[in-house]
Amino acid sequence: RLLARMEEGDPSTDQKLILPSKKRSTSERRRRPKNRPTTPEGNSRRRKRTKSRSSHRRSDSNSPASSTRRDEILAGGGIRKSWSDRGMMMEAVAEDDQYSVNKHGRRVLVVASLPQVVEEFSTVTQDVDDIHSLLLVHPHFIDSVELFNLFIKRFKVEDDQSTQWRIIGIIRKWLELTSESFQENEVRGTLGYSLKKFHRYLIKHEHSCLPILEAAIDSYIHGNVENSDDEHLEDAVPIIRVSKKKRSHRSLLSFNPEEIARQLTLMDFSIFRLIDLREVLKTNWLTGVAPTIKQSARFHNSLCYWWAHTILSQPDVRDRTKYLIHIIKISKFLLELNSYNILMTIYLSLNFPCCGRLTQTWKGLNNKTWAIWRTVGKVMDPRNNFSVYRDNIKQSSGHVPIIPCQEVVLKDILYESESEGIFVDGYIDMKKLNKMGFIINSLWKFQKRKFRYQDFEEFQQFVRDTIPEECDMDLLDDLSATVEKGKVNFMRGNKRQ
C-alpha cells in the first residue's frame, strides 16, 4: 500500500523508503524434523525446485532488460558491485584500474606497458622493494641494456630535477644489486659501456647528480666499500675449543656440536653469499649456465653423503649411536642459527634408507634426542609446501642472519617461471613481477646479513680433509647391510616414535 501511495504522489511518502530485511532469524527458519523420513520422491521434488529456481535466476540475468541495464552500466564507465554476474565486472575497466593500493596506502601499477613502467618509476616515488623487483626480474621481458637506455633517455628529455634524481637513485640501486653486470665497460652493447657513456654526459653538462653517481661507481664497481662486518670482528662470539687429541686421531666427536654448527654455517655462507642472482632468473640452473648455484649444490650433496658415511663407517652399534646423537645435536644448533641449508642435509641424510634401516642404532636414542629430531623433522617436512619452514622464515624478522633452503627457493622460482608469463601481449603483469621479485630480493637481503662468528680453521680443515668429492650411494647401501642385517625400514624424522 505504501508503494501504491508513492506512485500516486502522496506527499506523506516523500521520505526515503526503507524496506525491512527479508532474512529470517534462526528461530523463524523452518527446520526439517530429525525423524522425518527421506524418500527418493521427496529428494527428486526438492532437486526440481532448486533447478527451476536457478534456471529462473539465469533467465532473469540474460533477459533483454537485464542486458540493456548491463550495457548502460558498462557504457557509463561505472561498476555495479552488487551485480550477480561477477564476470561482467571485469569488462568495466577504467584507466584507474591499472593501479591498486598497496599495504602502505600507495598507488602501485598492476598492469602496464614498458613505457608506462619507465614513466611511473621516473616520475613517482616508488617503494624500495618495487624498485628491487624491477631491477632483478626485468631480464624476463627486456634486455638490461635496453632498459638502462630507456631510463637514460627519460633523464635527458626531462627538465624536472626531482625526476632526474629518481633516475639516479634507480641507477645507484642497480649498481648495488648487480655490480657484476657493470664490470665490462669497453665493449659496446654492455651495461658498463652504457654507464660509462652516461657518466661522460654528466661530466660534459656539469650536472649536479654527478657526485652521487661517481660515489656509487667508486663503491660498488671499484670495490671501495667499507665493510665493517668483515673487518671488525672484535665482538664476534669466541670459539668453543674442546678437542685435545692429535690431529691424526680427531673425529667428529672431537668437536663441540654447537661450534660445528657455527663453522658449517660459516662455510655454507661463504658459498651462499657468492651466488649470482642472474643465475636464478629464467631457471638458468637447469640449462647448465649456473656455476655458483651448482657449486652450492655440490657442497650440500657432499655433506649429505658425509653425515651418512660417518655413521655407517662405525662397526660397533654403540659408536654409531654416539655419532647419531652428536649429529642430531648439531641439527638443534643449526635450527637456532637459521642455517636451513645445512639442516636440510642432515634431515635428508638421516632419512636415507641406508640410515633409516639401522633399527638397533636408533634404539639407543634417549627421549631428549628424540624430541630434538621430531622438531627438526617438523620444520623440514616438505608436506604442505614446507609450511612450518616458511613460518619460521617469516618470524625471523629484522636483520637476523638466515641461510634459506636452496631447494625451496629454486622450487619457488621454477613455479613462478613456469606459470603464466610476466610479459603478455606487450603488457607487464606487475603483480607477478613483484612476486618473483620478492623471492629474489629476499635472497639478496639474506646474502648481506653476516654471521658474527670466528673462523675455526682447525675444524674447517678437518671437514675439507674428510668430506668426499664424489658420492657413492651403493657404498652406503653395502655398509648399511654389513653393520646391521635386516629389512629396509623407511624412516621419517617426524613420524618415528
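The shown structure was predicted, so the numbers you read here are calculated from the model rather than taken from an experiment.
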Could you list the residues that satisfy salt bridge (charged side-chain N to carboxylate O under 4.0 Å, His left out) with Lys197, not counting sequence neighbours?
-> none
Step by step, would you call Lys450 with Arg273 a side-chain contact (heavy atoms from CB on, under 4.5 Å)?
-> CA-CA 9 Å; Lys450 308 297 192 302; Arg273 65 183 298 186; 3.3 Å; yes
ring-ring contact (aromatic ring centres under 6.0 Å, His included) against Phe198, all qualifying residues, sequence neighbours excluded | Phe155
Would a distance-only check, ignoring hydrogens and angles, find a side-chain to backbone donor-acceptor pair under 3.5 Å from Asp381 to Arg383?
-> yes
Tell me, do Leu334 and Tyr347 make a side-chain contact under 4.5 Å, heavy atoms counted?
-> no
Sequence neighbours excluded, the answer for side chain to side chain contact (heavy atoms under 4.5 Å, CB included) partners of Pro404 is Phe272, Tyr389, Ile402, Val409, Leu443, Phe446
Ignoring hydrogens and angles, tell me if any N or O in the side chain of Asn385 forms a donor-acceptor pair with the backbone of Ser387 under 3.5 Å.
-> no
side-chain contact (heavy atoms from CB on, under 4.5 Å) between Val400 and Gln395, worked out = CA-CA 10 Å; Val400 179; Gln395 293 173 5; over 6 Å; no
Kindly indicate, with the supporting measurements, whether the criterion side-chain contact (heavy atoms from CB on, under 4.5 Å) is fulfilled by Tyr340 and Leu335.
-> CA-CA 7 Å; Tyr340 294 103; Leu335 185 59; 3.9 Å; yes
Heavy-atom closest pair, residues Leu252 and Trp307 = CD2-CZ3, 4.0 Å
ring-ring contact (aromatic ring centres under 6.0 Å, His included) partners of Tyr201, counting only residues at least two apart = His205
Say whether, by atom type as modelled, one donor and one acceptor occur between the side chain of Ser122 and the main chain of Glu119 under 3.5 angstrom.
-> no
Measure the shortest side-chain to side-chain distance between Leu286 and Leu414 over non-hydrogen atoms and say whether it is less than 4.5 angstrom.
-> yes
Sequence-distant partners of Trp444, ring-ring contact (aromatic ring centres under 6.0 Å, His included), two or more places apart = His132
Should Phe121 and Ile131 count as side-chain neighbours, where that means a heavy-atom distance under 4.5 Å?
-> yes
Heavy atoms of Pro139 and Leu281 approach each other most closely as CG-CD1, 3.6 Å
Does Asp455 offer a backbone N or O that forms a donor-acceptor pair with the side chain of Glu457 under 3.5 Å?
-> no
How many angstroms lie between atom CZ of Phe459 and atom CD1 of Ile240, to the nearest 0.5 angstrom?
-> 12.0 Å
Is Ser194 reaching over with its side chain to a backbone N or O of Thr190, donor-acceptor style, under 3.5 angstrom?
-> yes
Is the number of heavy atoms from other residues, nucleotides or ligands under 6.0 Å of Gln161 CD greater than 12?
-> no
Those residues that, when tested against Glu259, pass side-chain hydrogen bond (donor to acceptor under 3.5 Å, both in side chains) (two or more places apart) | Arg262, Gln263
Do you know which of Phe151, Tyr220, Phe148 makes ring pair (Phe, Tyr, Trp, His ring centres under 6.0 Å) with Trp174?
-> Phe148
Taking all heavy atoms of Leu476 and all of Ala308, pick out the closest pair and write down the distance.
-> CD1-CB, 3.9 Å
Do the non-hydrogen side-chain atoms of Arg452 and Val237 ever get within less than 4.5 Å of each other?
-> no
Mind checking what makes salt bridge (charged side-chain N to carboxylate O under 4.0 Å, His left out) contact with Glu214, not counting sequence neighbours?
-> none
For Lys411, check salt bridge (charged side-chain N to carboxylate O under 4.0 Å, His left out) against everything at least two apart and list the hits.
-> none
Which residues satisfy the ring-ring contact (aromatic ring centres under 6.0 Å, His included) test with His309, sequence neighbours excluded?
-> Tyr305
Taking the side chain as C-beta and beyond, is there a heavy-atom pair between Thr466 and Thr310 under 4.5 Å?
-> no
Check the pair Lys153 / Asn149 against side-chain contact (heavy atoms from CB on, under 4.5 Å), numbers first and verdict last.
-> CA-CA 6 Å; Lys153 183 178 179 180; Asn149 291 334; over 6 Å; no
Backbone N/O of Asp276 and side chain of Thr292: donor-acceptor pair under 3.5 Å = yes
Side-chain contact test, heavy atoms from C-beta onward, threshold under 4.5 Å: evaluate it for Asn341 versus Met344 and give yes or no.
-> no
Where the side chain of Lys432 meets the backbone of Glu416, is there a donor-acceptor pair that is under 3.5 Å apart?
-> yes
Taking the side chain as every heavy atom from C-beta outward, state whether Val376 and Leu350 have any pair of such atoms under 4.5 Å apart.
-> no
Could you tell me whether the side chain of Ser331 and the main chain of Ile328 form a donor-acceptor pair under 3.5 Å?
-> yes
Among side-chain atoms of Gln461 and Arg464, is any donor-acceptor pair under 3.5 angstrom?
-> yes
Do you see a donor-acceptor pair shorter than 3.5 Å between the side chains of Arg166 and Thr125?
-> yes
Tell me, please, which residues at least two apart from Arg154 pass salt bridge (charged side-chain N to carboxylate O under 4.0 Å, His left out).
-> Glu158
Provide the closest heavy-atom pair for Thr265 versus Ala261 in the form atom of the first, atom of the second, distance.
-> OG1-O, 2.6 Å
Would you say Ile342 and Ile330 make side-chain contact, with heavy atoms under 4.5 Å?
-> no
For Ser296, side chain to side chain contact (heavy atoms under 4.5 Å, CB included) partners two or more places apart = Ile271, Ile275, His300, Gln406
Is a side-chain donor or acceptor of Gln116 paired with a backbone partner of Tyr427 at a separation under 3.5 angstrom?
-> no
Under a 4.0 Å N-O cut-off, is there an ion pair linking Lys435 with Asp429?
-> no
Could you check Thr178 against Arg278 for side chain to side chain donor-acceptor pair (under 3.5 Å), going step by step and ending with a plain yes or no?
-> CA-CA 8 Å; Thr178 57; Arg278 294 174 294 180; over 6 Å; no
For Val289, enumerate each residue passing the side chain to side chain contact (heavy atoms under 4.5 Å, CB included) test, keeping only those at least two apart in sequence or located in another chain.
-> Thr287
Answer yes or no: is there a donor N or O on one side and an acceptor on the other, between the side chain of His138 and the main chain of Leu147, under 3.5 Å?
-> no
Reported CG-to-CG distance for the pair Leu135 and Leu177, which is rounded to 0.5 angstrom | 6.0 Å
